[in-house]
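Here is the structure we will look at.
Residue numbers begin at 1 in each chain, while the letters A, B, ... track the order of the sequences. Computed from a predicted structure; not experimentally measured.
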Amino acid sequence: MPELPEIETFRRRFLRGDDDTPPLVGRSVVGVDLLWEKTLASPSPEEFEARIVGQSIDDIGRRGKYLLFHLSSDTLTIHLRMSGDLRVEADAAPVATHHRLLLNLDGGIRLAFNDTRKFGRVWLLADTATLLGKLGPEPLDDSFTPDLFSTRLQPRRRQIKPLLLDQRFLAGMGNIYTDEALHLTGLHPQTRASSLTWEQAACLWESIRQVLQEGIRRNGASIDWVYRGGEFQNYFQVYQRTGEPCYRCGTSIERIIVGQRSTHFCPQCQPKPG
DNA sequence: CACGAGACCTGTTCGC
DNA sequence: TGCGAACAGGTCTCGT
């Protein structure tokens, strides 16, 4: 799941707190329990524990799909990949199935990293530049303009969908929001990026921002049992709607594979070019 | 550079 | 009912 809106939802929840989650800023790390070694990308488990204990959470940020806990002297960087989840719970709570890393905080709570498929990764970094430096623009930043987007699209010959999923091209888009943005624009997912007119690029720019903002407003999308609270799944136009009628024209939504990813689109509203 | 295959993992759903 | 195949929100590496 976790794409930009879901990560942003975590960030806001941990910053402000909500009904069952207290704000995390200001709390310090008092202990660590690494339950699945590969979850920790760097440094070594020994160094991780020695360095992180005693640091406090000063702020919480996000870059693309990376969640950034800015600590006293390091940045705890987390990528949830396919099945990662973050839960704030009592530090005496039983350790749930698929918990991979526990960070005990002061005040009797802990931040638990739960990840069924074990793809998620955690880094403790003094400098995030190496890890984050190759990411493309932030789609919701003011600096991301239609002109910038169009200019970046122009030299690329790739199919538009895999290009939008390429985090070096644009940071934060995943399979759901890409399918939704292309449908909103009326672009076939296999359209060549370089073939887009400025107007089409500007329309896609608008659609990308619209679906991401809508996703954030709905607290992300909850599929299956993960990510309580998200509502955006109730507003999907094409994602996981194979065979169901397009809300705009009534044509059956189709599912094809593009760049090895499941892709949903309306063949009427998003005609294949050429 | 663009693209596809395979890897990394576990769990659920689908088809026969 | 059972069992294997297909599929899942992501990204990396390798070969062509």
Side-chain angles (χ1 to χ4, degrees), chain A residues 1-10 35-42 62-67 77-86 96-101 113-123 130-136 139 152-182 189-195 208 211-212 214-216 218-243 254-264:
Chain A
M1 124 193 212
E3 305 179 30
L4 186 154
E6 288 74 31
I7 306 305
E8 181 64 19
T9 299
F10 278 121
L35 302 158
W36 179 254
E37 281 222 12
K38 291 173 80 172
T39 293
L40 183 61
S42 79
R62 179 188 59 73
R63 178 78 172 92
K65 301 174 191 171
Y66 291 88
L67 188 61
T77 306
I78 300 179
H79 198 303
L80 301 177
R81 293 282 177 90
M82 291 288 266
S83 59
D85 190 13
L86 290 165
T97 314
H98 308 134
H99 271 9
R100 307 302 181 198
L101 173 65
F113 179 69
N114 184 284
D115 185 20
T116 304
R117 293 177 70 182
K118 300 177 176 174
F119 290 162
R121 291 294 181 268
V122 172
W123 299 255
T130 305
L131 186 64
L132 307 181
K134 289 175 181 168
L135 290 175
R152 286 175 69 80
L153 284 168
Q154 220 168 16
R156 308 306 297 269
R157 300 251 320 149
R158 295 177 72 182
Q159 299 175 328
I160 187 66
K161 169 155 179 179
L163 184 61
L164 292 177
L165 288 174
D166 186 337
Q167 302 299 298
R168 293 165 303 185
F169 179 76
L170 185 63
M173 296 292 283
N175 211 33
I176 294 176
Y177 293 91
T178 298
D179 280 4
E180 294 296 320
L182 288 171
Q190 291 176 303
T191 309
R192 295 284 158 186
S194 55
S195 78
I208 287 168
V211 297
L212 292 176
E214 177 77 351
I216 292 169
R218 305 285 179 193
N219 297 311
S222 314
I223 297 183
D224 303 329
W225 59 95
V226 190
Y227 305 104
R228 323 145 279 163
E231 292 290 332
F232 188 63
Q233 69 281 3
N234 300 323
Y235 302 88
F236 291 166
Q237 303 294 300
V238 287
Y239 188 77
Q240 285 190 344
R241 294 198 62 244
T242 309
E254 286 185 15
R255 176 182 174 276
I256 58 175
I257 303 296
V258 180
Q260 294 147 250
R261 303 302 300 278
S262 181
T263 299
H264 313 76

I need the CE-P distance between A:Met173 and C:dT11, as an integer number of Å. 12 Å
Report the distance from atom CD of A:Gln190 to atom C1' of B:dA2, rounded to the nearest whole Å. 14 Å
Under-3.5 Å N/O pairs linking protein and nucleotides 4-7 of chain B:
residue: B:dA5; atom: N7; partner: A:Gln260; partner atom: OE1; Å: 3.1
residue: B:dA5; atom: N7; partner: A:Gln260; partner atom: NE2; Å: 2.6

State, with a plain yes or no, whether a side-chain heavy atom of A:Ile257 is found less than 4.5 Å away from one of A:Arg261. no
Spacing of the P atoms in C:dG2 and B:dC9 (rounded, Å): 30 Å
Nearest whole Å is fine: how far is B:dA2 C1' from A:Leu163 CG? 11 Å
Quick check: closest heavy atoms across A:Pro189 and A:Leu182, and the distance to 0.1 Å? CA-CD1, 3.8 Å
To the nearest 0.5 angstrom, please state how far the CD atom of A:Glu231 sits from the CD atom of A:Glu214. 11.0 Å
Tabulated below should be each protein N or O lying under 3.5 Å from an N or O of nucleotides 6-8 of chain C; please produce it.
residue: C:dA8; atom: OP1; partner: A:Ser262; partner atom: OG; Å: 2.8
residue: C:dA8; atom: N3; partner: A:Arg117; partner atom: NH1; Å: 3.2

Interatomic distance where CZ belongs to A:Arg168 and P belongs to B:dC3 [whole Å]: 12 Å
Separation between the P atoms of B:dC8 and C:dC3, rounded to whole Å: 26 Å
Could you tell me whether the side chain of A:Gln167 and the main chain of A:Gly172 form a donor-acceptor pair under 3.5 Å? yes
Check every strand shown and say whether A:Arg121 touches a base, only sugar-phosphate, or nothing at a heavy-atom separation below 4.0 Å. nothing
Whole angstroms only, please: what is the CG-P distance between A:Asp166 and B:dC1? 11 Å
Is it the case that A:Asn114 and A:His99 place a side-chain donor and acceptor less than 3.5 Å from each other? yes
Respond yes when some side-chain nitrogen or oxygen of A:Arg158 is under 4.0 Å from OP1 or OP2 of B:dC1, and no when none is. no
Taking only the side-chain heavy atoms of A:Lys38 (C-beta and beyond), determine which of C:dG10, B:dT10, B:dC9 contains the nearest atom. B:dC9
Whole angstroms only, please: what is the CZ-C1' distance between A:Arg100 and B:dC9? 9 Å
What is the separation between atom CG on A:Asp115 and atom C1' on C:dG10, rounded to the nearest whole Å? 11 Å
A:Tyr239 vs A:Phe236 aromatic rings, parallel, tilted or perpendicular, using cut-offs 30° and 60°? perpendicular
Is A:Thr178 reaching over with its side chain to a backbone N or O of A:Asn175, donor-acceptor style, under 3.5 angstrom? no
N/O (side chain, A:Lys118) to phosphate O (OP1/OP2, B:dC8) under 4.0 Å: no
Examine distances only and state if a side-chain atom of A:Glu3 and a backbone atom of A:Gly174 form a donor-acceptor pair shorter than 3.5 Å. yes
State whether A:His79 places a side-chain N or O below 4.0 Å from either non-bridging phosphate oxygen (OP1 or OP2) of C:dT11. yes
Less than 4.0 angstrom between a side-chain N/O of A:His98 and OP1 or OP2 of B:dC9, yes or no? no
Which of parallel (below 30°), tilted (30 to 60°) and perpendicular (above 60°) describes A:Tyr66 and A:His79? perpendicular
Value in whole Å for how far the C1' atom of B:dC1 lies from CZ of A:Phe169: 15 Å
Can you tell me how far C1' in C:dG10 sits from the matching atom in B:dC1, rounded to whole Å? 22 Å
Could you please name the option among B:dA2, C:dT11, B:dT10 that lies closest to any side-chain atom of A:Gln167? C:dT11
Correct closest heavy-atom pair for A:Asp115 and A:Arg100 would be O-NE, 2.8 Å
Check A:Ala171 against A:Gly136 and note the closest heavy-atom contact, atom names and distance. CB-O, 3.6 Å
Minimal non-hydrogen separation, A:Tyr235 against A:Glu180, with atom names: O-OE1, 4.4 Å
Symbol by symbol from the 5' end, with Watson-Crick or G-U pairs under 3.5 Å, [ ] crossing and | another strand, DNA chain C is .|||||||.|||||||
